[in-house]
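This report refers to the structure that appears directly beneath it.
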Amino acid sequence: MRILNLLHAVLAAAIISALPTEPSSSTDLATRADTSLVGYLGVFFLGSAPNIYFYLSDGNNAFSFKALKSGQPILKPTLGTGGVRDPAIINGAGDEAGKKWYIIGTDLDIGKTTWDASQRKGSLGIFVWESTDMINLGSERLVKVEGDTAGMVWAPDAIWDPSKSQYLVHWASKFYSSSDTKHTGNPGASVMRYAHTSDFKSFTAPETYINESPSSIIDLDILKLGDNSFARFIKNETAKYVYMERSDTGLFGTWTRPGGANAMIHSGVEGPYAYMDNTVAGKVNLLLDYYGGDGYRPFTSTNLNANAWQDADRTNFPTNLRHGSVIALTKDKYDALKAKWG
Ligand SMILES: *[C@@H]1O[C@H](CO)[C@@H](O)[C@H](O)[C@H]1NC(C)=O
């Protein structure tokens with residue numbers, strides 16, 4: 001998700017507008033403890049239900065969440081397949097007056113298809129919901145982002161790209177030979193693709209962002225650490241594990257794996273989602289989806305120059321939350337979400 005970086009996602013709008021000119025940090029982790037932040041909103045899908053569910057934190061406890069709207073879906077698409085997975089909430093850039101939030105997601109109801117068919121002739125679009133207040137989300141649009149040689153568009157997420165002053169939107173696709181119009185042959189490996197947009201309506205022509213062929217990769221999430229420093233989390237779909245890379249030279253800079261070329265965070269997981277802690281400076285919270293088990297489990301690290309993750313306390317962390325995203329909340333947004341769906 002992923003995201004328009006959560007670091008700033010949470011700052012006051014005036015500060016957000018200053019995001020691209022934020023002072024550069026060293027290779028230390030940028031800090032984000034911010035006293036204007038009072039909680040978190042989690043946006044997830046649930047295993048059997050391809051809809052979007054909202055969870056509100058218990059204040060600034062990053063791992064204590066309760067379902068909003070009594071656990072009923074907040075968003076149910078009607079376009080495309082009629083199902084949505086992997087929702088990413090994006091804290092839009094812009095000043096107070098022009099500020100928007102976006103929720104984007106995969107167009108897939110796996111109950112109506114198979115994993116094989118959905119990667120050959122799956123949807124080539126992403127769902128987009130857009131809001132000026134995070135509360136009124138309207139209905140979705142379905143925007144086609146890939147050409148017809150792609151088999152699917154999975155797990156879209158976005159992050160503000162300061163070098164372009166646009167959002168970098170990314171997703172995973174596999175490609176078939178252009179003569180194989182029915183996509184019955186063997187595709188290439190799943191690669192990460194990207195496009196830029198300023199409005200989530202029109203997108204630049206898609207290009208490849210990360211290609212680890214012959215390994216297939218999916219589920220990219222990018223966390224901003226400082227002006228030019230980012231961490232990215234990726235699932236190795238060939239070996240079924242999640243790993244982290246770091247760049248101190250921007251989104252298109254040099255990425256290396258802290259902990260060594262074969263370092264992984266965990267195996268048997270997917271849908272990584274990282275968010276900065278609201279109250280402890282330099283602390284990163286990470287969710288990993290145990291897709292064969294009970295869904296998201298939380299982890300923490302205070303050093304993203306290493307591959308050093310600890311299990312977090314999940315006493316109050318709901319089970320069966322699947323690949324989604326978390327955004328930090330100021331008091332007005334926390335109160336508004338609670339008033340509407342609490
Ligand atoms: C993915 O896992 C396979 C099998 O362990 C390994 O050979 C490959 O290098 C890995 N690729 C990446 C990008 O981690």
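Heavy-atom basis, side chains included; hydrogens, waters and symmetry copies ignored. We count residues from 1, following the sequence as given. Note that the coordinates shown come from a computational prediction; the quantities given were computed from them, not determined experimentally. Read the numbers this way: they start at 1 and go in the same order the structure lists the ligands and their atoms.
In summary, K182 and D180 do not engage in a salt bridge, as defined by a charged side-chain N under 4.0 Å from a carboxylate O. A salt bridge links D109 with K112: the distance from a Lys NZ or Arg NE/NH1/NH2 to an Asp or Glu carboxylate oxygen falls below 4.0 Å. A salt bridge is absent between E140 and K76; no separation between the charged side-chain nitrogens and carboxylate oxygens falls under 4.0 Å.
F44 has its ring centre no less than 6.0 Å from the ring centre of Y53.
Near ligand 1, heavy-atom contacts under 4.0 Å come from E212, S215, N236, A239, Y241, Y243, R257.
Going from atom OG1 of T113 over to atom CE of M152 covers 12.5 Å, rounded to the nearest 0.5 Å.
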Using atom types as modelled, flag every donor-acceptor pair under 3.5 Å from a side chain in residues 116-130 to any protein atom, sequence neighbours excluded.
unit_1: D116; atom_1: OD1; unit_2: R120; atom_2: NE; d: 3.2
unit_1: D116; atom_1: OD2; unit_2: R120; atom_2: NE; d: 3.1
unit_1: S118; atom_1: OG; unit_2: T114; atom_2: O; d: 3.0
unit_1: S118; atom_1: OG; unit_2: W115; atom_2: O; d: 3.1
unit_1: Q119; atom_1: OE1; unit_2: K174; atom_2: NZ; d: 2.8
unit_1: Q119; atom_1: NE2; unit_2: W115; atom_2: O; d: 3.0
unit_1: R120; atom_1: NH1; unit_2: H183; atom_2: O; d: 3.0
unit_1: R120; atom_1: NH1; unit_2: T184; atom_2: O; d: 3.4
unit_1: R120; atom_1: NH1; unit_2: G185; atom_2: O; d: 2.7
unit_1: K121; atom_1: NZ; unit_2: T181; atom_2: O; d: 2.8
unit_1: S123; atom_1: OG; unit_2: D107; atom_2: OD2; d: 2.7
unit_1: S123; atom_1: OG; unit_2: G125; atom_2: N; d: 3.2
unit_1: E130; atom_1: OE1; unit_2: R141; atom_2: NH1; d: 3.0
unit_1: E130; atom_1: OE1; unit_2: R141; atom_2: NH2; d: 2.6
unit_1: E130; atom_1: OE2; unit_2: K100; atom_2: NZ; d: 2.9

